[in-house]
Amino acid sequence: MSELPKRSGSTEIVVKTEGLTKHYGALTAVNGLSLDIYAGEVFGLLGPNGAGKTTAIHMLCGLLKPDAGRVLIHNHPISSDDTENSARVGLCPQAIVLWERLTCIEQLEFIGQMYGIRSSEARRRGEKLLEELDLIEKRNKQARTLSGGMQRRLNMAMALVHDPEIIVLDEPEAGLDPQSRVRVRDYIHSLSRRKTVILTTHNMDEADRMADRVAIIDHGQLLVLDTPQNLKRRVGEGDVVEIHLNGCLGEGVDWEAVQNKARSALADIAPTVTLNSTEHTLHVHALNATGHLPSIVERLKIAGMEPATLSIRANTLEDVFIQLTGRTLRE
Amino acid sequence: MKTLHVARKYLLEFLRDPTLLALSLLTPIAFILITYVGYGTAPKLATYPILVIDSDHSAASEKVLNAVRAERHPDNRPVFEVRLLDDRQVAESELKAKHADILMILTSDPASPITVRGDGTSMRFIIASTLLETVLNQVSGIPRIMAITEHPISVAAPASEFDAYTPGMMIFAVLLLTPQTSMLVARELRSGTLRRLRISHLRAWELMMGVTLAQMLVAVGQVVLMFVAALALGFHNRGSLLLAILIGLLLSFSAIGWGLIVTCFSQKDSDALNVGSVVTMLQVFLSGAFFPIQGAALFSMVGHEIGLFDFIPATHGMLALQQVLIGGIALDGIIFRLGAMIVLSITTFGVGILMFARIHMRRAV
């Protein structure tokens, strides 16, 4: 199922999970998750809310004990007294986890010291990270005085100061302004090859741009694992024709009936037809969509659906994601 | 080394947090000031009104009365203002109305020739009766009266009510480490920084020792500040500041231990602060820091009766501090109290560390 990473080209498995399972009462948060993550790749872990992403990465970092299965780092199962392995992982949590009343440099120096790094070295690394993440001017400012974007960047630096081999980023772009997002994205790019990066995200564009491979999980189970390019080719049947419907608008429209009608009209051309009821738009997934376009329009007209506008775009990771995990909102 | 780094971090956070600073340093000084305003403006060497019913009218009772009348403070003011009464009912009413601190009844009954009555919850009664006991014990030819005070101070009585309350306030300040500790550590829980520390190489005991070291420095600061403030307001110190600091340090182990125990049941710093404050207040009251409390004796140990409240380290801290600062007693005179504090404080501290490490610091795998 999986392919070699496109950037690192490494075949060395750094992180391996075998049948990782975690239950919370009756809920199975992670269900038999098995992954191989290669050295130097950026690995995206995607899934809707409650899919089990955070639980999975917490088990990966040793913060949660799996009910079944195990995590191996360099082929060694992680254990509570294995400080060498724990130092190999740096976790940047989704929430901002900082000491409010310590300055940026004090935070980095302190967390470095906690990993057994000498104070002078921890400070040197801290200064370098602040420089790289555009925070050097704030080095002596307390964390509570920083903007949200700056706090997020400092949050990331905290995961890196002990120079871990594996960096786990939980929703690294959440809550970032566009400038900070670009800065963080560039920085993650700069880490790839040198480090193994595992990131969870809701942002499909982020995953598409950054990840060498992505795993989509839902209900704790792995649905697919491949490069974004392959997923877009394999799942979603090629291109997407977005058709804004005319004549189906208004109060009391049975959108499910509209969708079913469109599906049966296009059954032999496009195996996947979904309808966005909010935007009154049909999403028709089809191979060679351009060639089929006149036929699609004609058949919809015959079925009583008048296309007002239409556009063709390439299949995106979001299409793949929605197709695999459905449109139902999760809490 | 990590312990020192952790301690430094907590001290930095402490010094930059106005709430904690106020709670730790200003509150104790405020307590001393309040005590001074409440009790310190009265004459430092008060004269205590004493009602006497002399039913004996013997030479012995006359000798007692003369001794009481003759007792003087160093500035030559009388210690007691004696008023003779015949009617017991009138005397009891006057006592209830607080027109006098003590009612002393002298009888010819050899079984109980002297009876002393008063309000056991009044610090004035406690001080006056202690002074009276000293006088009576010096009068030859009369039987020694029964112990009157709840916790007699064997060497010297406090020179004023302000003096009598000051050690209790110092104990209170040290016990404030309980809510402070629980608040600091619960803040780590709430903000997720404890999780960050858990996945680092920091061991549970290194974190706990770091917290303890920082808090002990705060405790030293509190004791010294209160001592200086009390001296400035006229506290008559007879003992060693170093011994007082030692007592404060020993007691801080217990307070920090309780703080860690409280954090085991708190997820938010505000919860921890509230619950920690309740634990502190209970200890303060039960230790007798505010007013003497007598629990029934359960057993005796090396000449000391041990009651239920003697299992609270603060009880021994309170008595030891009173003995040192008011009584002027040296280290060898408080060995039992220090020993009891060491055993009880270290036990509480150990329980706190074990519970906290088990609940919040255990790595998952």
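Computation of the quantities below employed the complete heavy-atom set of this structure, encompassing side-chain atoms and omitting hydrogens, waters and symmetry-equivalent molecules. Just so it is clear: chains get the letters A, B, ... in the order the sequence lines come, proteins before strands, and each one is counted from 1.
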Smallest separation among heavy atoms of Trp99(A) and Lys9(B), with atom names: NE1-NZ, 3.1 Å
Residue Gln107(A) versus chain B: region with a heavy atom under 4.5 Å: neither
Crowding at CG, Asn140(A) (>12 non-hydrogen neighbours, <6.0 Å): yes
Best-contacting candidate, Arg195(B), His5(B), Glu188(B), against chain A by heavy atom pairs under 4.5 angstrom: His5(B)
Approximate separation, where rounding is to 0.5 Å, of Arg101(A) CZ and Leu15(B) CG: 11.5 Å
Heavy atoms from other residues, nucleotides or ligands near NZ of Lys138(A) exceed 12 (cutoff 6.0 Å): no
Side chain, backbone, both or neither of Phe110(A) within contact of chain B (heavy atoms, under 4.5 Å): side chain
Glu137(A), CD atom: more than 12 neighbouring heavy atoms under 6.0 Å: no
Backbone N/O of Val97(A) and side chain of Arg196(B): donor-acceptor pair under 3.5 Å: yes
Among Met1(B), Glu13(B), Arg8(B), Glu206(B), residue most engaged with chain A (heavy-atom pairs, under 4.5 Å): Glu13(B)
Validation row: Ile199(B), Val89(A) side chains within 4.5 angstrom (heavy atoms): no
Considering all heavy atoms, the nearest Met114(A)-Ser200(B) contact: CB-OG, 3.6 Å
Any side-chain heavy-atom pair of Ile111(A) and Leu197(B) under 4.5 Å: yes
Arg16(B) vs Leu102(A) side-chain heavy atoms within contact, under 4.5 Å: yes
More than 12 heavy atoms of other groups within 6.0 Å of Arg118(A) CZ: no
Minimal non-hydrogen separation, Arg198(B) against Leu63(A), with atom names: NH2-O, 3.5 Å
His58(A), part contacting chain B, at a heavy-atom distance under 4.5 Å: side chain
Contact leader toward chain B among Glu109(A), Met158(A), Gln113(A), Glu106(A), where contacts are heavy-atom pairs under 4.5 Å: Gln113(A)
